[in-house]
Amino acid sequence: MTRKKIVVGISGASGAPYAKRLLGVLKERAARGEVELGLVLSRTAEQVWAQEIGGSIRDLGIAPWEGRDYNAPFASGSAGWETMIVCPASMSAIARIAHGISDDLLTRAADVMLKERRRLILVARETPYSEIHLENMLKVTRAGALVLPATPSFYGKPRTLEDAIDTVVARVLDHAGIPNALQQRWGEESPKTTEGGAWAE
Ligand SMILES: Cc1cc2nc3c(=O)[nH]c(=O)nc-3n(C[C@H](O)[C@H](O)[C@H](O)COP(=O)(O)O)c2cc1C
């Protein structure tokens, strides 16, 4: 089986719990040999993580690439990374991606995804949106990215915050081509799984 090469970028928007959950699932998939996982942090990612979760992203046991270390394989199209997920995606990161400003490894990797016509998923988070934010999201969409807002759904009647977070992470995984049962599917009886369920940590 060929492993999917997926890089996760964490930028400085609110929503660190989405990133924690996403990385928990992808780390399990990496351990099963299904995924090769890369991680890159923006300059503000650790600050938001400390505020919203506490501790450091490094506590997850996934070594992140440093902000401007362009030795990372996903900094070049030739390395063949097929998917990048920026979760959460700040308006600043989206603005720079929209305008091709690859001034750190995260935005460079996103730029590579767009130029190589590969999959770029931006889990956008801000509220409300300014006209500038909306224009930038339209621009990246037209360039081939998928803007997938960090907006939970409630039709599955989530009982906990974690259940609500999973309604977003499930959609992210769907679009990354990772089959999952993180949320109750509309029109299906089968319950969600507890996969990657390190919530209590
Ligand atoms: C606790 C905290 C929460 C933030 N939440 C958001 C947010 O939801 N959306 C956003 O676009 N920026 C948010 N910001 C501001 C960004 O971190 C800031 O604009 C930063 O320059 C983004 O750059 P980066 O994503 O490249 O790290 C937040 C900052 C902090 C400290």
Side-chain angles (χ1 to χ4, degrees), residues 6-23 26 37-60 62-72 74-76 81 83-115 119-154 158 161-162 164-169 171-172 175-176:
I6 299 181
V7 55
V8 173
I10 304 181
S11 69
S14 180
Y18 293 113
K20 183 179 181 193
R21 177 59 160 161
L22 178 66
L23 287 169
L26 290 177
L37 182 59
L39 177 62
V40 56
L41 313 181
S42 80
R43 60 199 166 173
T44 328
E46 283 281 21
Q47 183 185 345
V48 179
W49 188 282
Q51 173 72 28
E52 296 188 337
I53 291 178
S56 164
I57 297 168
R58 287 162 173 79
D59 299 340
L60 293 177
I62 306 166
W65 286 87
E66 297 300 331
R68 291 192 181 205
D69 187 351
Y70 300 105
N71 290 317
F74 44 79
S76 168
W81 287 65
T83 302
M84 179 174 191
I85 305 164
V86 184
C87 177
S90 70
M91 292 302 113
S92 170
I94 289 176
R96 283 176 285 134
I97 294 165
H99 293 271
I101 302 170
S102 308
D103 61 348
D104 61 12
L105 178 58
L106 188 149
T107 48
R108 167 62 187 168
D111 199 47
V112 167
M113 293 293 147
L114 293 180
K115 84 181 174 75
R119 191 155 27 190
L120 175 62
I121 301 167
L122 302 172
V123 185
R125 200 277 149 195
E126 186 49 278
T127 193
Y129 292 131
S130 71
E131 184 173 337
I132 293 167
H133 299 153
L134 291 165
E135 276 182 352
N136 286 334
M137 286 192 278
L138 179 59
K139 206 168 168 60
V140 291
T141 300
R142 285 182 172 155
L146 179 77
V147 176
L148 193 160
T151 307
S153 64
F154 295 93
L161 183 58
E162 288 76 13
I165 288 166
D166 276 356
T167 66
V168 172
V169 175
R171 302 298 286 131
V172 172
H175 282 277

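Ligands are counted one by one from 1 in listed order, and the atoms in each one are counted from 1 as well.
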Just to confirm my output: which protein heavy-atom neighbour is closest to [atom], and how far is it?
| atom | value |
| --- | --- |
| atom 31 (C) of ligand 1 | Q47 NE2, 3.6 Å |
| atom 21 (O) of ligand 1 | R43 NH2, 3.2 Å |
| atom 19 (O) of ligand 1 | S92 CB, 4.1 Å |
| atom 29 (C) of ligand 1 | G12 O, 3.7 Å |
| atom 25 (O) of ligand 1 | S90 OG, 2.6 Å |
| atom 26 (O) of ligand 1 | R96 NH2, 2.4 Å |
| atom 30 (C) of ligand 1 | V48 CG2, 3.7 Å |
| atom 20 (C) of ligand 1 | T44 OG1, 3.4 Å |

Any sub-3.5 Å donor-acceptor pair from [X]'s side-chain atoms to [Y]'s backbone N or O?
| X | Y | answer |
| --- | --- | --- |
| S153 | T167 | no |
| N136 | H133 | no |
| E52 | G15 | yes |
| E46 | I57 | yes |
| R119 | H175 | yes |

Show, in sequence, the C-alpha distance, side-chain angles and deciding distance for D103 and R96, and conclude whether the salt bridge (Lys or Arg N to Asp or Glu O under 4.0 Å) test is met.
CA-CA 8 Å; D103 61 348; R96 283 176 285 134; 3.0 Å; yes
Any atoms of ligand 1 less than 4.0 Å from a non-hydrogen atom of [X]? List them with their elements.
| X | result |
| --- | --- |
| E126 | 7 (C), 9 (N), 10 (C), 11 (O), 12 (N) |
| S11 | 25 (O) |
| S42 | 24 (P), 25 (O), 26 (O), 27 (O) |
| M91 | 10 (C), 11 (O) |

Just to confirm, does any protein heavy atom lie below 4.0 Å from atom 10 (C) of ligand 1?
yes
Hey, is CD1 on I132 packed in by over 12 heavy atoms from elsewhere, all under 6.0 Å?
no
Looking only at distances, please establish whether an N/O atom of ligand 1 is found under 3.5 Å from an N/O atom of Q51.
no
Is the shortest N/O to N/O distance between A45 and ligand 1 below 3.5 Å?
no
Salt bridge check, E66 against R58: does any charged N sit closer than 4.0 Å to a carboxylate O?
yes
Quick one: are R108 and Y70 in side-chain contact, heavy atoms under 4.5 Å?
yes
Pair L106-S11, side chain to side chain contact (heavy atoms under 4.5 Å, CB included): steps then yes or no
CA-CA 8 Å; L106 188 149; S11 69; 4.2 Å; yes
